[in-house]
Each structure stands twice: as C-alpha cells, then as structure tokens.
Peer 1: 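This is the structure I want to talk about, given as structure tokens.
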Amino acid sequence: MARGWDLRRLGGGGSRSNLPAAVSERRYDPKQIEPKWQEIWKRERTWEVSNSPDGGDGREKSYVLEMLPYPSGEPHIGHLKNYSVGDVIAHFHRRIGRRVLHPMGYDAFGLPAENNAIKTGVHPREATNRSIATFREAFHRWGISIDWSREFATHEPSYYRWTQWIFLKLLERDLAYKKTAAVNWCPNDQTVLANEQVIDGRCERCGAEVEVRQLEQWFFRITDYADRLLDDLDAIDWPTHVKAMQRNWIGRSEGAEVVFRCEELGIDYPVFTTRPDTLFGATFFVMAPEHPDVFRLAEGTSHERAVHEYVNRSLTEAPELRGATDKPKTGVPLGRTVTNPVTNEQIPMFVSDYVLMEYGTGAIMAVPAHDQRDYDFAKAFDLPIRQVVSAGGGEDPAASVAPGGGEDPAASVAAGGAEDPAASVAPGVGEDPAASVAPTGGDTDGSATEAGAFTAHTENEVLINSGQFSGMNSVEGQRAIVEWLDREGKGHFSVSYKLRDWLVSRQRYWGCPIPVVYCGKCGMVPVPEADLPVELPDIEDYQPKGRSPLAAAEDWVNTRCPQCGGAAKRETDTLDTFVDSSWYYLRYCDAHNDHAAWDRHVLRSWMPVDQYIGGVEHAILHLMYSRFFIKALADMELLDVQEPFQALFTQGMILGPDGNKMSKSFGNVISPQPIVDRFGADAARCYILVIGPPDQDAAWADTGIEGVHRRLLARLWRLADELSDQGEGVDQPTSPEGDALTIVRKANWAIEKVTRDTATRFAFNTALSAIIELINEIYRYPDADPGARRFATATAASLLFPFAPHLSAEAYEMLTGRRVWEEPWPDADPDMLQAETFELVCQVNGKVRDRVSAPTGAPREELEKLCLESRGVQMHLNGQQVAKVIVVPDKLVNVVVR
RNA sequence: GCGGCUGUGGCGGAAUUGGUAGACGCGCAGGCUUCAGGUGCCUGUGUUCUUCGGGACGUGGAGGUUCGAGUCCUCUCAGCCGCACCA
C-alpha cells in the first residue's frame, strides 16, 4: 500500500490531484479482489439463514428465488443475467433489514443427459453430477449470495423420495390417474409429451414431428383447478403478458351444451357452443374424424366407404398440415341427420377435420351465417345459410360497425343498401366471398342471407328468424334459449376449457420412478410411503425402444405386491421432469427434513416466494404446473398458501452481438466464463444490468463492458484507494460548503435514486447510471474537502454492493475497515436533496426561452417576475400582450402571449 | 384471426404525477499526460440555418385535448412475442 502511494506522489508532481491515480501502479484488479471475498463468504457462511424458531428476530422474511437451473455443460450468459438480477434483489432486501432466503439447486433429471448416455455410455448421473459441479463453481465465481446449506438436486433419492410421496398424495385424492388416450408421441425421443410440450405439431425439445398414439398414460387432473388457476391470477403480481398467456392456455369459454338427436340411431349428440343465440341458424352438424361414432353412423349408408377413406386420410395427415387455418374446407357426409332442437329440422351430419376431437365434445352445430369456418364449409358443400342475428337492430346498422370496420366485411353487409356511403367505405373486401353477395343479401328474408357471418357479438345484435326469441338482443336471447332448452331437457349452460389434463408419464430412464406396482391379484397398488424412495436402478442399455428402458431391468421390475405379497411388476414409466420442478421451492424451506417433505410450520414461515425470477419460456409449463401443485397440496392441508410465487419477474434474453438469438449456428455465442476471467464477475454482472431494462432483450457488446469497467468499477476503486488514507470517518460532513456541498448533495441524490429504482422498478440500469454520475461528480472536484469525498465514495460503494459485491466490499473496507453488507442501506438526508437555488425554466408559449437561477421555494409572484425580466423572455415578448402566466413552483414559468 | 408488447440521436438506452427531450454508457472529434501506447484525464457531440446574439425543426405517421404532449385521447403504419379451424 505504501509503495503505491509513494509512486503516486512522485508522479503527481503537485499539479491537479486527479493525476496521481493515473500514474499509480496499483490498479483495480478483480483477480485479486474477487477470490478474497468469495473465500470470506464461503468460510463464514455469510448468506446462510436458519429456520430456528427464534430466527423470528422481528425481521420481515423475504424469499428470493431464481428458476431452478438445468445443469448441462456450462452455464450460459442467460444464467448470469438471471442470477445477477436475483442477487441484486436478495442483497437489497438484506440491506433494508429483511431475513432473506436465497437458495440454489439443480433440475437434474432429463433427456439431454440420457441422450448423451446413449451416445457415449456415460451414466447420466455421472454426467449430471459433473455439470452440477461446474454450475456450482460458476455461481461461486460470480459471487452470487446463496445459502449453500440448502442445496440439492432433483435426482438425489433424498429429494425424489418426496416427489414420489407427492405423487402418492395426488393418487390418493384421485388427482393422479391412468387412462388410455390419444397422446402426442415423439418418434425421436421415443416418449409421450404433454400438450404443453408440443409446439406447432413438433416436439418442443428435438423438433421432431409428433405422432398421435392411443396409449395408456398417467395424468394429473389439473383441469379440476382450471377456474382457480384462472381466477387467482388476479391476486398475484406477475407481468401482464405472462398472465395473458396463462389465461389463453386455460382458454375458458362460457356457453351451452346443446343436444342434437340422431333419430335413426336413437343417439343424443351434445355439442358445446358459445353462441346458443344462433341455434336457429344451425343448418348442419359436423363431427371430428377422431369421433368414436363416425363409422357407426356411416355404416350401411352409401357414404360408408367415403367416410372410411376420409377419416383414414385425416388421421395420417401431418398435424401441422391438418391444422393450417387457411386450407380449404374438406369433409364428407355421414348419410345421417340430427334434429335441431329448436326448429325440429332434420339437418345433415358431416365429418370434417376442421372439428377437433380435443375440444368440446368433438362435434359441433354449424351456423354458417355467423361463423367464418362454418360459412366456408357451407359454401364448399352448397349448404343453406340462414341469418338469425342482425347487427344493429332497427337503427341504421352501419352506425354500429362503421368506425374502424373497414376490413370487416360485416360493415358492407350491415350497410344494407349499396347506396349507403358506408358500403363504399369498406376497402379490400373484394376478395372475400361474403363481399360479393353482401349488397343483395342485405334484405332479411333469410333465404339468400349470408350476412353477419362475421358480426361482433354485441348487445346491439338482435335475434331474427328465431321463432319466439326473435327481437331479443343476443345476450337476452342466449339466456332465453338455453333456459328453454334446459326446461325441455335438451341443453344447459356450460363452460369449456382449452386446458387438458397434464400427461406426466414418460417412457424414459433418467427420471423419477412412478411409485406403483402391478399385481396380478390386486391390480395397481401404490408403493407404501415407508418403502419410498423407489430407487432408480442402474441399467446397461439406455436405448429407448418404445417403452421405458427400465422395463429391461428385470431384477428391479419384478417385485412383491405390498398388499398380498405375491409376484408383481413395477411401473416402468418415469415422471416428466416438470413434476420435479413443481415443488422444489418448498423443499428449500426445509431441505434437510428426512422424515417429511417439509414441516408445515417451517413452510408457513417462508412461503410464498416473494420474488421469483426467470425467463418467459416457462410462462405456461413450469409456472402453471407449480400453481396447480400448490393448490392441490393446500387442499390436502399440507401447506397454507394458494399461490407459490407472489411476484414474478421475467428477464429478457441476452442476444448475440449481431442482435440475433445466441446460437451455435449463428456463431454468436458469448460464454460468460471468458468474460468473467477477463473483466471480473463484478464487471460482467454490472454490464448485464446496465445494458437496458432487465425485462427486455438486449444485444451483447464488448465495448459496453469495457465502459462499465472503466467508468464505474476502476474509478470507484481509484477513489477508494486515493482516499483510504485521507481521513478516518465516512459520515456525512456536518455543514459542507462549496464543492463539498455539491458532492454531498449528489451522494444523497444517488441514495434516493438507487433506492427507488432498485426497490420499486427493477430499473437496475438507471440505478447504476446514478452511481456512475455520483462517481463522476467526486472526480469532478478533486480538491474538495476529503471528508466529503470520503463520504460520497463510501456511499457509492455501499449503493453498488448489490450489483458488484466484491469491489464494493473491497472499497468499503479500504475506507472504513468494515464490512459493507453488515451496514444498513443508506438513508438519504432530506435536507440535502434540495439545493437553495434551482434553474428556473422560462417559457413563452410553451417554448423554452431562458433559464435563470431562482431561490427554492420562492413564491409564485417572484418566479413570474424573474421570468418576465429574463433576457430570453424579454426578447420574445417584444411588446405582445401577456394573456396568462402559468407558474409551476420550483420548476418553470410559462408566459402565454397572443 | 385473438391476446400481449415495442417504436426516442450513429448505437444501447434516460425522461417519477402532462412541465428543460436525449441522463448514463458506447462510438466519434479535439486536447492534456506519457519514451510510447489499444492506459489515464479534460472538453465537445440530435438535425439544420446562423450576421455567432441566436433561430427553426425534432420522440414511427396523421389528427385531437392542453398554457404546455415522448407521456393523455382517436385513427394509422412498422416490428416483436404468445396462442391459433378452441365452435
């Protein structure tokens, strides 16, 4: 230390004192600083927090959690961002006096390790444990403040024992069940997939085209919770787009179930509709190709053969081709009719692939006048189209649709007469089939009317051609029709969901075994809790062959029935890894409990997670499954919260320097480790946070990290070094003057700014900018009172701690000998937040014409006078009459002239 | 088609409740220190006109409200994300 100081003296030569630092041999060296503090934190277990009952020391709890990492190879830059954001929040909460739980673990089961095992023969456990070691090492080197005492991985028997226990609890409650169903099969990964894991007809993981197979599989009854999953979104502090995605996925629609009877076969076919008000317009009936009754219906009719051909073609068609919304409608008649329950008309039945078996009842009533898809089908098959709802009722219909209805064909239709100016307003409808018929179809005799196929569903709509219901608006009509159907036993109100039950079994090895056995006498028998865990055996051959590789482990498969003691076989499917990660945050609360998954009282002291941080890619799967688990477990009175994650923050992606998503194929992958090696963890963390709002995507730029290193970290270090022996205390000087006052004010401004940006907005980019501004200000006045500079520098170090913990700890220690994380978060001195003068903005007609210095808190009259007298304002008034003067105290004066 | 989001200098981005547009960083230009430097330090940097006083224009576009609009309202254009033949 002494040597460095001497060199500075020599080089400084007594001129401006910002020079000495420049010639110093001592430099900011993260390679020295970072390991030093990491060692201290590890040795002293600084970030551990206890569950002891007296731990209730009056401090408010805060559970800060980043999403469980899947350890594969090395961590990437997205991990660095995720844990940097989380660590800022964890540190900040500690510094403002909360008891913070900030744990870490690993999502250790899963396909990549297993696929690697198939290729290389290395046991998935071995590869996974290696990756875990690499991740753990990285988190240490990044200086993330983790309570390591609670660490675990989901592939450890001491963890999955409880995953199995939860499975049994769900089974007990009939929330886990087995059924044969059409499921998504990935031919590449040789396993089934959950609905949520199929993207555009392809496997989310490997991209292979998914096949549909009829298989017996395990499901969790998440649909029982659809309404609660939907409603409780209102009570949690999540980004709107994530809530929107969940709502969308749950896909609740209200409507009615209406029964259409096939008299010839004497079978009732219920359909679901959201538009029971259009029931009089149902002129035909369509079933999905997968509907179990299609062959039976067609049997003995002249269409039997055509139906077989059509269905077979549909079932073998590639899902994404079949799902294309723009392809022409196809289908064949079934040769049967059903009765429209309100008109008693016999309407023809069809089979068509635009009807989905998975939604509703797999059959629909088709209302071509008011549904685009049905309309397209009716046109293709020359079926009757009957308008039963009229937009706008008696008054000029155009009025209700005209604004913004340009691209809406209804506008031209509703306008009725072609003379109506509104009709000509609708551009670009020429290519729409409806448009060509619209002008003549405007009259309401019902025969040729294909109007309204696209009308919005509003209270202005009125039912027509609907018997006793004609004249009601469509909202009234819906209710009246369904009530009538209900009385007649032909229908009732109903709710439908897009959400399906969660398919949890996988025909793969590297996952949590499902704890049931199959006994010839007793059937399916759950493994008793006392016998858990059912341990995953080691096997020779990982190759999937359409069934789990576990099926070949005969010693393991063959077992005794827990009930009768007879020969039995184990379930060989394993659980979807999303099951493992649906409850891990509970285990952290009580990680070492070996007689229960958790203690309910301990859980009560930590749950829910106060701040969850992760990527949007988990907006549906992981987050929905976890919410389901919590609700189910709460219903079993095993815990006391209704939602796992009270607040959610979704961080944006770090893109490659070229602005593209980082990927090997673009060759734009930035790996965090070389960055940390070169600039240090503090610089890497700060750069990732200063680059922009953390919830937005941002492209990596090497020059940016150099900026942070230079302007923020190295300069703070130099200030601390320079000031370390220029005094003792770092308290705010009692009555600073001149430059010292300026510096002290800036420090207080920064305290206020950093606190607000960090606590309420997650605006870490502007918080860091404020610290840079403070450092710039200390630099700007090298000759100011060292006491003021020491105070400001210590303040900067203190504020920077959540972002750059190593350097901050070092700088703070250089100045004070104390540990910055043991200091309370600084409080801004209100007296220092306002100067005695401010720059008054002088405007004429809203344009800035001058700026003059004015005393803070000056009365309006004085400000008005100052403004009117200012040179710039005088120049622009030149004799015009002042109409009005607006005064905003301590800010501006606007002179309005005519 | 439905739902959600974003448009601000050469670049990333600031701007709290309607009140100085462009904080901070990068880049660029000039200067100082240095044997030298890709280090450090200082100054300047929206566009444009200028008689060097200053003026005009400027937040995707067009209107509107207001003394005053990046911010509020209406319409519109572009891009991104999610879902999608969901009855």
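In what follows, every chain begins at residue 1, and chains take the letters A, B, ... in the order their sequences are listed. Note that this is a predicted model, so its numbers are computed, not measured. Both backbone and side-chain heavy atoms feed into the values below; hydrogens, waters and symmetry mates do not.
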Peer 1: With the threshold set at 4.0 Å, does a side-chain nitrogen-carboxylate oxygen contact exist between A:K746 and A:E773?
Peer 2: yes

Peer 1: How is A:I886 classified with respect to the nucleic acid when contacts are heavy atoms under 4.0 Å: base, sugar-phosphate, or nothing?
Peer 2: base

Peer 1: Across all strands shown, which nucleotide pairs with B:rA87 by Watson-Crick or G-U wobble geometry, both distances under 3.5 Å?
Peer 2: none

Peer 1: Have a look at A:P693 and say if it touches a base, only the backbone sugar-phosphate, or nothing, with a 4.0 Å heavy-atom cut-off.
Peer 2: sugar-phosphate

Peer 1: If we take the C1' atom in both B:rC41 and B:rU34, what is their distance in whole Å?
Peer 2: 12 Å

Peer 1: Just to be sure I understand the rule, does A:V896 reach a base, reach only the sugar-phosphate, or reach nothing, if contact means heavy atoms closer than 4.0 Å?
Peer 2: sugar-phosphate

Peer 1: Could you give the CZ-to-C1' distance, from A:F803 to B:rG25, as a whole number of Å?
Peer 2: 15 Å

Peer 1: Does B:rC26 have a Watson-Crick or wobble partner in any strand here, with both distances under 3.5 angstrom, and which is it?
Peer 2: B:rG10

Peer 1: For A:A244, answer base if it contacts any base atom (sugar-phosphate contacts may also be present), sugar-phosphate if it contacts only those atoms, and nothing otherwise; contact means non-hydrogen atoms under 4.0 Å.
Peer 2: sugar-phosphate

Peer 1: How many whole angstroms separate atom CG of A:N248 from atom P of B:rC83?
Peer 2: 8 Å

Peer 1: Sort and list the pairs that fulfil salt bridge (charged side-chain N to carboxylate O under 4.0 Å, His left out) and have at least one residue in residues 243-254 of chain A, not counting sequence neighbours.
Peer 2: A:D227-A:R252, A:D234-A:R247, A:R252-A:E254

Peer 1: With both distances under 3.5 Å as the test, what is the Watson-Crick or G-U wobble partner of B:rG82?
Peer 2: B:rC2

Peer 1: Taking atom P in both B:rG12 and B:rC5, what distance in whole Å separates the two?
Peer 2: 22 Å

Peer 1: If the P atom of B:rG44 is compared with that of B:rG38, how far apart are they to the nearest Å?
Peer 2: 23 Å

Peer 1: Pair A:M875, A:R849 - check side chain to side chain contact (heavy atoms under 4.5 Å, CB included), show working.
Peer 2: CA-CA 9 Å; A:M875 272 172 56; A:R849 296 306 184 186; over 6 Å; no

Peer 1: Which is more 5' along RNA chain B, the nucleotide nearest A:T240 or the one nearest A:V690? Just name the residue.
Peer 2: A:T240

Peer 1: Find the partner of B:rA36: check Watson-Crick (N1-N3 plus N6-O4 or O6-N4) and G-U wobble (N1-O2, O6-N3) distances, both under 3.5 Å, and reply none if neither fits.
Peer 2: none

Peer 1: Mind checking who B:rA21 pairs with, Watson-Crick or G-U wobble, both distances under 3.5 Å?
Peer 2: none

Peer 1: P atom, B:rU6 versus B:rC73: distance in rounded Å?
Peer 2: 13 Å

Peer 1: Between A:E722 and A:R789, does any NZ, NE, NH1 or NH2 come within less than 4.0 Å of an OD or OE carboxylate oxygen?
Peer 2: yes

Peer 1: Does the side chain of A:R27 get closer than 4.0 angstrom to OP1 or OP2 of B:rG40 through an N or O atom?
Peer 2: no

Peer 1: Would the base of B:rC67 count as contacting A:N894 through its side chain, where contact means a donor and an acceptor less than 3.5 Å apart?
Peer 2: yes

Peer 1: Using the P atom as the reference point in each nucleotide, state the distance between B:rA69 and B:rG79 in Å, no decimals.
Peer 2: 30 Å

Peer 1: Decide, for B:rG53, between syn and anti: a glycosidic angle within 90° of 0 counts as syn, anything else as anti.
Peer 2: syn

Peer 1: Using the C1' atom on both, measure B:rU8 against B:rA21 and round to a whole Å.
Peer 2: 8 Å

Peer 1: Start at the 5' end of RNA chain B and walk down; is the nucleotide closest to A:G692 or to A:G362 reached first?
Peer 2: A:G692

Peer 1: Which part of the nucleic acid, if any, lies within contact of A:S352, taking any heavy atom under 4.0 Å across all strands shown: a base, the sugar-phosphate backbone alone, or nothing?
Peer 2: nothing

Peer 1: What's the NE2-P distance between A:H370 and B:rA87, to the nearest Å?
Peer 2: 17 Å

Peer 1: Indicate the ring-plane relationship of A:F377 and A:F381, choosing parallel, tilted or perpendicular according to the 30° and 60° boundaries.
Peer 2: parallel

Peer 1: To the nearest Å, give me how far apart CD (A:E773) and P (B:rG22) are.
Peer 2: 13 Å

Peer 1: Tell me what A:R849 touches on the nucleic acid: a base, only sugar-phosphate, or nothing, going by heavy atoms under 4.0 Å.
Peer 2: sugar-phosphate

Peer 1: Using a cut-off of 4.0 Å on non-hydrogen atoms, how would the nucleic acid contact of A:K891 be classed: base, sugar-phosphate, or nothing?
Peer 2: sugar-phosphate

Peer 1: Give the ring-plane orientation class for A:Y28 versus A:H709, where under 30° counts as parallel, over 60° as perpendicular and anything between as tilted.
Peer 2: tilted

Peer 1: When you compare B:rA14 with B:rG7, how far apart are their C1' atoms, in angstrom units rounded to a whole number?
Peer 2: 16 Å

Peer 1: Just name whichever nucleotide pairs with B:rA56, Watson-Crick or G-U, keeping both distances under 3.5 Å, else none.
Peer 2: B:rU47

Peer 1: Tell me whether the side-chain N/O atoms of A:K746 come closer than 4.0 Å to OP1 or OP2 in B:rA23.
Peer 2: no

Peer 1: Rounded to whole Å, how long is the line connecting atom CG of A:L716 with atom C1' of B:rG25?
Peer 2: 17 Å

Peer 1: Take atom CD of A:Q478 and atom P of B:rA87, then tell me their distance rounded to the nearest Å.
Peer 2: 12 Å

Peer 1: What interatomic distance, in whole Å, is found between C1' of B:rG64 and the corresponding atom of B:rG53?
Peer 2: 37 Å

Peer 1: Can you list, by residue number, the residues of residues 755-765 of chain A that have a non-hydrogen atom closer than 4.0 angstrom to RNA chain B?
Peer 2: A:R756, A:R761, A:N765

Peer 1: How about A:D501 and A:T223: does a side-chain donor come under 3.5 Å of a side-chain acceptor?
Peer 2: yes

Peer 1: Under the salt bridge (Lys or Arg N to Asp or Glu O under 4.0 Å) criterion, do A:R27 and A:D29 qualify, and how do the steps go?
Peer 2: CA-CA 6 Å; A:R27 299 201 339 217; A:D29 183 7; over 6 Å; no

Peer 1: Please say which of A:C867, A:C842, A:S870 ends up in a side chain to side chain contact (heavy atoms under 4.5 Å, CB included) with A:V895.
Peer 2: A:C867

Peer 1: Between B:rC85 and A:K329, counting only base atoms on the nucleotide and side-chain atoms on the residue, is there a donor-acceptor pair under 3.5 Å?
Peer 2: yes

Peer 1: Side chain of A:L356 only, heavy atoms from C-beta on: which candidate in B:rA87, B:rC67, B:rC26 is closest?
Peer 2: B:rA87

Peer 1: For A:E839, answer base if it contacts any base atom (sugar-phosphate contacts may also be present), sugar-phosphate if it contacts only those atoms, and nothing otherwise; contact means non-hydrogen atoms under 4.0 Å.
Peer 2: base

Peer 1: Counting side-chain heavy atoms from C-beta on, which of B:rC67, B:rG19, B:rC2 comes nearest to A:K884?
Peer 2: B:rC67

Peer 1: Grab the OH-P distance between A:Y779 and B:rC42 for me, whole Å please.
Peer 2: 8 Å

Peer 1: Give the rounded distance in Å between these two atoms: CD1 of A:I705 and P of B:rG12.
Peer 2: 19 Å

Peer 1: Can B:rG10 be described as syn, meaning its chi torsion is within 90° of 0, or is it anti?
Peer 2: anti

Peer 1: Using a heavy-atom cut-off of 4.0 Å across all strands, would you classify A:V355 as base, sugar-phosphate, or nothing?
Peer 2: base

